[in-house]
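Taking it in order: structure first as structure tokens, then the write-up.
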Amino acid sequence: MRRSLFEKVWDAHVVEELPGGNALVFMDLVVAHEITTPPGAIAIERDFGDALYDAGRIVAMLDHVAPAKDTATALQAQTVRTWAKRHGIRFHDIGDNGICHVLVPERGYVTPGMTVCCGDSHTCTLGAFGAFALGIGTTAQAGAMLSGCLILQRPKVMRVEVTGALPADATAKDLALTVIATIGFRGGTGYVLEYTGSAIRALSMEQRMTLCNMAIEAGATTGIVAADATTAAYLAATPSAPASWTAQAADDGAEYAATVTIDATTIAPVVSWGTNPGECVPITGRVPDDADAASLAYMDLRPGQPVRSIEIDQAFIGSCTNARIGDLRAAADVLRGRRVAVPTIVTPGSQAVRRQAEREGLHDVFQDAGALWTHSSCGPCLGMSMGVLAPGMRCVSSSNRNFPGRMGEGGRVHLAAPAVVAASAILGRLASPSEIAAASSPLVPA
Amino acid sequence: MIVEGAVLAIPRANIDTDQIIPARYLTRIDAAGMGEHCFDGLPDCTALLASRPGASVLVTGENFGCGSSREHAAWALTGRGFRAVIAPSFARIFLENAYTNALVPIALPQPVVDELARADRIAIDVAAQTLRADGGEPIGFELDPLRKQFVLGGGFLPYLAAKIPSVRAWEAAR
Ligand code: SF4
């Protein structure tokens with residue numbers, strides 16, 4: 001039988017078929033962070049003699065609220081810290097940490113053909129490496145730490161072929177949002193999105209991660225991209241430089257439950273106007289005439305309004321979607337020599353990214369522009385710390401979710417690529433980077 | 001197992017887990033206290049939520065539980081007294097979390113859900129996979145046959161623990 005890439009990885013990890021179309025699927029790596037891990041770790045300690053299937057298959061870090069902001073989050077961090085130490089689990093404490101979906105690949109912990117799970121929905125990011133990587137709940141994660149396995153329904157596979165090449169001003173974020181708008185905000189439910197085509201092969205690993213990161217925003221179990229020379233080069237440059245892995249690809253003529261084709265040449269910079277990531281339009285466009293009434297009311301917008309007329313109160317460049325070095329370079333290129341008009345927070349995806357950015361002087365670019373340059377954390381992406389929105393505040397963000405209240409109670413979020421966020425920060429309204437490039441003189445004296 | 005109780009209908013699609021339990025409450029190392037904050041992130045719903053105190057069956061829109069993987073959403077719902085959720089569809093991770101927390105996830109076609117949203121009380125026979133709204137005709141529904149066991153008898157982690165020897169054997173032969 002001719003198989004998709006996903007099916008090959010899946011088949012190689014099925015320990016046992018279970019009733020009702022379920023399977024016991026072996027997990028090569030379990031990623032653990034401080035928000036979702038403690039209850040599961042405590043349950044294993046209490047009910048199963050603290051026995052882990054294989055502590056060597058776990059990697060843990062502090063990322064969501066790091067360093068801790070209060071007693072409760074300090075207790076979460078300390079619980080993971082002591083648990084990791086007790087079991088000899090690889091652990092990345094503050095200073096050496098990063099957002100899990102940024103840190104795990106940059107350290108070389110994920111290789112093609114692996115299975116990875118984490119109590120975090122954006123684990124799908126790691127599908128960029130040709131791995132089967134998925135988010136799960138706390139109890140399922142505990143099950144994987146206890147038994148090495150998840151119980152899963154075998155997902156269907158949707159082939160998402162992206163032909164042609166992305167235009168110079170379009171990014172992987174724009175492609176990710178366009179995929180969601182194309183298949184629908186819940187159109188990927190029950191599927192793995194297998195990305196293929198010339199535009200995908202041309203993406204860097206960072207861009208593939210941005211694309212796969214948002215597979216969950218279409219409801220998909222995960223996204224996956226076949227490993228190639230780009231993958232090999234990335235892995236060879238990681239600290240652990242994993243030597244042994246085999247690149248797999250879909251068989252020619254593999255059958256897919258669904259197929260979608262997107263012409264990359266039609267992709268333009270987009271921005272979300274509504275309350276889910278599927279509600280987006282080109283930055284040059286308008287709020288749709290048939291826009292959902294509840295989304296409009298929450299966002300305080302009217303149909304037909306040009307999105308570039310929408311004024312913002314804050315800008316955020318960060319998150320597991322768009323806070324890698326390439327993202328920071330793209331934002332810095334727009335901000336260099338300019339001044340931001342609204343409070344702007346730049347939060348690198350990991351401490352390693354932070355240090356690389358500083359070696360390149362990007363921290364000076366951001367701070368010269370008047371932005372706040374922070375240590376790595378999830379920060380305001382999930383409205384827990386470091387820039388939570390006040391009710392009614394409007395933020396343009398390089399993150400992945402614009403749900404009501406996501407970045408703070410009553411806060412409004414517009415999702416966009418880092419360069420769009422930077423341009424918007426300068427102009428104080430949603431803006432295209434081309435508007436900045438077109439400005440005849442720098443907006444600040446040199 | 002019979003789940004019987006008052007209905008709370010929230011006829012909205014795409015209620016994500018941030019709306020069920022906002023991240024500002026995700027600061028505990030256990031599942032306690034989440035019920036108090038159930039639906040704190042749902043805009044304009046204070047009156048709606050207050051109108052049905054003690055409801056144990058939630059009837060809602062498609063793609064319920066999308067977004068964040070946080071199991072806190074299931075803990076918030078069960079902590080608030082919900083024992084079943086009826087919707088046209090669920091997001092995958094929420095569905096898995098519902099089963100492991102004995103929150104019965106019932107997917108039915110939109111017209112049936114619309115009908116059930118008007119009911120005062122619903123009685124659900126989980127083992128038989130049927131429900132009745134206000135004493136009406138029984139309506140059948142599907143459940144994952146394996147995960148149904150975890151709803152009826154708990155034991156998700158013990159089930160996996162019992163698999164460890166065969167997992168080790170599989171890994172050794174890999
Ligand atoms: S950056 Fe945001 S989306 Fe990514 S893991 Fe952190 S909280 Fe989740």
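What's counted below: heavy atoms across the whole structure, side chains too, no hydrogens, waters or symmetry copies. Protein chains get the first letters and strands the later ones, always in sequence-line order, with residue 1 at the start of each.
Looking at B:L160, the atoms closer than 4.5 Å to chain A (heavy atoms on both sides) sit in the backbone and in the side chain alike. In this structure, chain B has a heavy atom under 4.5 Å from the side chain of A:L18, while its backbone stays farther away. For a residue to count as touching a neighbouring chain, one of its non-hydrogen atoms must lie under 4.5 Å from one of that chain's; by this rule B:P22 does not touch chain A. Using a 4.5 Å cut-off between heavy atoms, B:R12 makes no contact with chain A at all. The contact between A:A12 and chain B is made entirely by backbone atoms, counting heavy-atom distances below 4.5 Å. With a 4.5 Å cut-off on non-hydrogen atoms, A:T139 touches chain B through its backbone and its side chain both. With a 4.5 angstrom heavy-atom cutoff, A:V14 touches chain B only via backbone atoms. Neither the backbone nor the side chain of B:T17 comes within contact range of chain A; no heavy atom of the residue lies under 4.5 Å from a heavy atom of that chain. Residue B:A31 does not touch chain A at all, counting heavy-atom pairs closer than 4.5 Å. Only the backbone of B:D30 comes within contact range of chain A, judged by heavy atoms closer than 4.5 Å.
A salt bridge does not link B:E137 with B:R132: none of the charged nitrogens is closer than 4.0 Å to a carboxylate oxygen. Under the 4.0 Å criterion applied to side-chain N and carboxylate O atoms, A:R81 and A:E34 are not assigned as salt-bridge partners. Between B:R118 and B:D134 there is no salt bridge, since no side-chain nitrogen of the basic residue lies less than 4.0 Å from a carboxylate oxygen of the acidic one. Salt bridge present: A:R57 and B:E171 bring a charged side-chain N and a carboxylate O closer than 4.0 Å.
Here CG of B:L131 is found 11.5 Å from CD of B:E4. Values are rounded to the nearest 0.5 Å. Here the CE-OG distance, from A:M384 to A:S377, works out to 9.5 Å after rounding to the nearest 0.5 Å.
If you tally non-hydrogen atom pairs under 4.5 Å between each of B:F90, B:Y25, B:Y159 and chain A, the highest count goes to B:Y159. Chosen from B:A73, B:G41, B:G67, the residue pairing most often with chain A at heavy-atom distances under 4.5 Å is B:G67. Counting heavy-atom pairs closer than 4.5 Å to chain B, the top residue among A:V65, A:L75, A:T36, A:I44 is A:L75. Per-residue counts of heavy-atom pairs under 4.5 Å with chain A were compared for B:S166, B:A91, B:P158, B:A74; the largest is that of B:P158. For the set B:E62, B:R70, B:R28, the count of heavy-atom pairs under 4.5 angstrom toward chain A peaks at B:E62. The candidate with the highest count of non-hydrogen atom pairs below 4.5 Å against chain A, out of B:N97, B:L157, B:T100, is B:L157. Listed options B:D44, B:N63, B:N101 were ranked by heavy-atom pairs under 4.5 angstrom with chain A; first place goes to B:N63.
Across all their heavy atoms, A:P19 and B:L146 have their closest contact at O-CB, 3.8 Å.
Counting heavy atoms from C-beta outward, A:L382 and A:H64 have side chains that approach closer than 4.5 Å.
A distance of 6.0 Å or more separates the ring centres of B:F150 and B:Y99.
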